[in-house]
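Taking it in order: structure first as structure tokens, then the write-up.
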Protein chains: 2
Amino acid sequence: MAKLNHSLFDLKSNYLFSEIENLIKASGHKEIFNLGIGDITIPLSPYVIDAIKNASEEMKYENTLQGYGSSSGYDFLKEAIVKNDFENLNLTKEEVFITCGSKYSIANIIDLFSKDNLIGICDPTYPVYFDSNIIGGRKENIVLLPLLEENNFEPIPNQKLDIVFLCSPNNPIGTAISKKTLKKWVDFALENNSIIIFDAAYVAYIQSEDAIKSIYEIKNAKKVAIEMRSFSKTAGFTSLRCAYLVIPNRLTVKYENDNYQLNKLWNRFVSTKHGGVSYPIQKGALATFDPQGKKEVLEIINQYKENTNLLKNGLKSLNFEIFGGGDAPYIWCKTKNSLSSKAFFNLLLEHKVVCIPGSGFGSCGEGYVRFSGFTKKETINKALSQIEKI
Amino acid sequence: MAKLNHSLFDLKSNYLFSEIENLIKASGHKEIFNLGIGDITIPLSPYVIDAIKNASEEMKYENTLQGYGSSSGYDFLKEAIVKNDFENLNLTKEEVFITCGSKYSIANIIDLFSKDNLIGICDPTYPVYFDSNIIGGRKENIVLLPLLEENNFEPIPNQKLDIVFLCSPNNPIGTAISKKTLKKWVDFALENNSIIIFDAAYVAYIQSEDAIKSIYEIKNAKKVAIEMRSFSKTAGFTSLRCAYLVIPNRLTVKYENDNYQLNKLWNRFVSTKHGGVSYPIQKGALATFDPQGKKEVLEIINQYKENTNLLKNGLKSLNFEIFGGGDAPYIWCKTKNSLSSKAFFNLLLEHKVVCIPGSGFGSCGEGYVRFSGFTKKETINKALSQIEKI
């Protein structure tokens, strides 16, 4: 008799964002002002799209036809990433692995590790860190790291952990972790032979002069940290699917009496479990690094930044207590009158405005909601006047 | 201290096809006549490529821009699949799940099940069935089902199994499992509450009148079988990445005192572990079902069939004992003079011809090699004259 993976039953029955979608549908509203999910609303760079179209066209001709690519991505993209995103950080293309999205990177890297690792996950958190560890059978081994206002919403290394997920700039809070705190985490990991999984999906939104962009800016981080980035939030690839992770050569893990390079193990893992990312999409990702691609992508990011700012100022003028929204397109907003996250979400939904209840990201998110700048100015203005009515 | 998943060390250090690539490189030959890996050599349908380009173009405009899609695929593609690939089999779009390739489908579906299932895998086999179960910690629970000449290379249900992988038309042998044998497997699964994972990636190559195309043609198979198909071998999507699996509503698995629909569990699993398949690529897959797309795709398949035939007749005329090559583009060829698979592979490689040593697919593949019709007529003719010289 076939037997199921019991861990699946430890998951909540719906993924957070699917649940929100269902609630929106159930509301019956024809018009919705969605400040919820972090999805794109501005058309993509025409230069990047043309690169995808040209690469697709190549498939029509014998001399440019592409067959199976490497499960870990094409060299042309890896080289461009090393050169553009990690200038002066001495990475090589062999340390970069293309994936079909940060969700994939996050939820699958953890399968390289045994069940009995203690996993540090921030609370509140992007649900995939949590859920993928539940699927991996680590329900009892998750250590929640509270992100509290009194600590500037930064996680503190103050207990035993084997692997820790850090997201900076942070989803859902919208702030970047300070260099000082990240250095503490790197030192902690070096001391404890722990591994940091550093999710920098929102790096393109950093505005603070002192915020670091790559964890490898910190000394010796290459020995302990995996960095994940995505073209979704940078270049609007949410429906195109392309991301990457960096596993430095110097990151080794002990097994029995030997040390193993984790990037070799990841390579072997994906060569069995994944066929790699679509060729034209990788060519599109490459085009984001060309001067024209860069220019067009930057213009779009600036629009999202402006939107976030508009929303931030609007919420402030309505006397909401808000955080974030500077180094990431998310605003972490305290509910009014001590309403619960869910109650506030429902109240806004009654008035056709969608946010994400903070409690959906973890119990420390209770009393907050997340607003997203991935929307249109018009939506923001309408949503703000709806909120004003309440 | 971070601890590794020990099962990774039970894998062979290289994926079979990567190993072959390395050996080809090491041979130093400038010209190679590759009859090895099952990758495409004929340009893709222009109609399908244009659909991908048009869908990419949509991303430039606000009213057609696509954001996050469902992790399990777009309804437009699911509906086309149900209508075209499973006519009269009464499937619904809710039973179809789009993935980024059959490798992903195969290697990840198994994560829905606990470690302690007995897994039946044919020997020889496509390595991903085997390797993904190794990664899943089932090294001791794999039961090999020998595919022997005396049984027409068909697997026989004659021992306890919880989950069984069947590939028909078969890779590497190139034959389809008979309806009679498949019916035995369905009966076996019904009786033992086992699950059949039926990989029909090569279904488009079936020529025998009596071979079945979908396992759901067999009565009650929907209660026990998952079917997997791919656009890679049908429409040349090896570098584009799109496939799908069918998990019927009627397929339930018992856990504690309840029965659970497996497709609901898969949906929850992928919503955490995978971001879904690229939108333009799914639009391309959709175009393979349009009349013009169908026509162009069929012409390409017919060319591969002709190539396989040319290769088959060539090998026959050189007095090789061969099997398959009728319902799949693979030919299973006995080595001459009782050479081992490896020795024969090396001998051919010395003469610039590449095949895949049968032993790479499992110990019952020893004494055979796999030739592939995914190549060009010119390559086949040159390879045959090279082989003739030996």
Side-chain angles (χ1 to χ4, degrees), chain A residues 1-6 8-9 11 15 18 39-40 43-44 46 49 52-53 56-57 59-62 65-69 100-101 103-104 107-108 111-114 116-117 128 131-132 135 162-163 192-195 238-241 253 255 265 268-269 271-276 278-279 281, chain B residues 1-6 8-9 11 15 18 39-40 43-44 46 49 52-53 56-57 59-62 65-69 100-101 103-104 107-108 111-114 116-117 128 131-132 135 162-163 192-195 238-241 253 255 265 268-269 271-276 278-279 281:
Chain A
M1 189 183 88
K3 291 164 282 289
L4 291 168
N5 173 355
H6 301 185
L8 294 169
F9 295 94
L11 285 172
Y15 179 57
S18 318
D39 201 357
I40 56 164
L44 272 59
I49 293 303
I52 294 175
K53 289 170 68 180
S56 304
E57 181 73 15
M59 305 297 289
K60 287 187 188 170
Y61 311 100
E62 207 175 288
L65 175 68
Q66 295 287 332
Y68 284 117
C100 63
K103 187 188 262 191
Y104 184 87
N108 289 277
D111 292 343
L112 297 186
F113 298 95
S114 65
D116 57 340
N117 287 283
V128 171
D131 289 355
S132 57
I135 293 176
D162 302 311
I163 296 168
N192 296 281
N193 292 310
S194 310
I195 288 176
T238 56
S239 77
L240 301 176
R241 315 304 310 145
V253 185
Y255 173 63
L265 295 170
R268 185 67 184 86
F269 176 86
S271 74
T272 292
K273 301 269 281 189
H274 200 287
S278 190
Y279 169 74
I281 303 301
Chain B
M1 189 183 88
K3 292 164 280 290
L4 291 168
N5 173 355
H6 301 186
L8 294 169
F9 296 93
L11 286 170
Y15 180 57
S18 318
D39 201 358
I40 57 164
L44 270 62
I49 294 301
I52 294 174
K53 289 171 67 178
S56 304
E57 180 72 14
M59 305 297 290
K60 287 187 189 171
Y61 311 100
E62 205 175 290
L65 175 68
Q66 294 287 332
Y68 285 116
C100 63
K103 186 188 264 192
Y104 183 87
N108 289 277
D111 293 343
L112 297 186
F113 299 95
S114 65
D116 57 339
N117 286 283
V128 171
D131 290 354
S132 57
I135 293 176
D162 302 311
I163 296 167
N192 296 279
N193 292 309
S194 311
I195 288 175
T238 56
S239 76
L240 300 177
R241 314 304 310 147
V253 185
Y255 173 65
L265 295 171
R268 185 65 185 87
F269 176 85
S271 73
T272 292
K273 301 269 281 186
H274 201 287
S278 189
Y279 169 74
I281 303 302

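Every chain is numbered from 1, with letters handed out A, B, ... down the list of sequences.
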Exercise. If you count heavy-atom pairs under 4.5 Å with chain A, which of C100(B), G101(B), S271(B) comes out on top?
Worked result: S271(B)

Exercise. So Y255(A) and F9(B), would you call those rings parallel, tilted or perpendicular, with 30° and 60° as cut-offs?
Worked result: parallel

Exercise. Would N108(A) and K273(B) satisfy side chain to side chain contact (heavy atoms under 4.5 Å, CB included), going step by step from the backbone distance to the final call?
Worked result: CA-CA 7 Å; N108(A) 289 277; K273(B) 301 269 281 186; 3.6 Å; yes

Exercise. Heavy-atom distance under 4.5 Å between the side chains of D111(A) and I135(B), does that happen here?
Worked result: no

Seminar exercise, completed: Correct closest heavy-atom pair for Q66(A) and S239(B) would be O-OG, 3.1 Å

Exercise. Checking L44(A) against chain B: side chain, backbone, both or neither under 4.5 Å from a heavy atom?
Worked result: both

Exercise. Could you give the distance from CG (L65(B)) to CG (D39(A)), rounded to the nearest 0.5 Å?
Worked result: 8.0 Å

Exercise. Which residues pass the ring-ring contact (aromatic ring centres under 6.0 Å, His included) test with Y61(B), sequence neighbours left out?
Worked result: none

Problem set entry | Residue selection (most heavy-atom pairs with chain B, distance under 4.5 Å) from A107(A), P46(A), S114(A) | S114(A)

For this session: Give the member of N192(A), L265(A), I163(A), I195(A) that has the highest number of heavy-atom pairs under 4.5 Å with chain B.
Result: L265(A)

Problem set entry | Salt-bridge criterion met for R268(B) and D131(A) (N-O under 4.0 Å) | yes

Exercise. Taking atom CD1 of I52(A) and atom OG of S278(B), what is their separation to the nearest 0.5 Å?
Worked result: 7.0 Å

Problem set entry | Pick from S132(B), G69(B), S18(B), P43(B) with the largest number of heavy-atom pairs that fall under 4.5 Å of chain A | P43(B)

Exercise. Which heavy-atom pair separates K60(A) from I49(B) by the least distance, and what is that distance?
Worked result: CE-CG2, 3.7 Å

Exercise. So what's closer than 4.5 Å to chain A heavy atoms on L4(B): side chain, backbone, both or neither?
Worked result: both

Problem set entry | Heavy-atom pair with the smallest gap, counting every atom of A2(A) and D162(B) | CB-O, 3.7 Å

For this session: Sort L8(B) into side chain, backbone, both or neither according to what part of it lies under 4.5 angstrom from a heavy atom of chain A.
Result: side chain

Exercise. To the nearest 0.5 Å, what is the distance between NE2 (H274(B)) and NZ (K103(A))?
Worked result: 10.0 Å

Problem set entry | Option in N193(A), T238(A), V253(A), V128(A) with maximal non-hydrogen atom pairs under 4.5 Å from chain B | T238(A)

Exercise. Which bit of L240(B) is near chain A, if near means a heavy-atom gap under 4.5 Å: side chain, backbone, both or neither?
Worked result: both

Exercise. Which bit of I281(B) comes within less than 4.5 Å of chain A, counting heavy atoms only: side chain, backbone, both or neither?
Worked result: side chain

For this session: Mind checking the CG-CZ spacing from N5(B) to F113(A)? Nearest 0.5 Å is all I need.
Result: 10.0 Å

Exercise. Is K3(A) salt-bridged to D116(B), going by a charged N under 4.0 Å from an acidic O?
Worked result: no

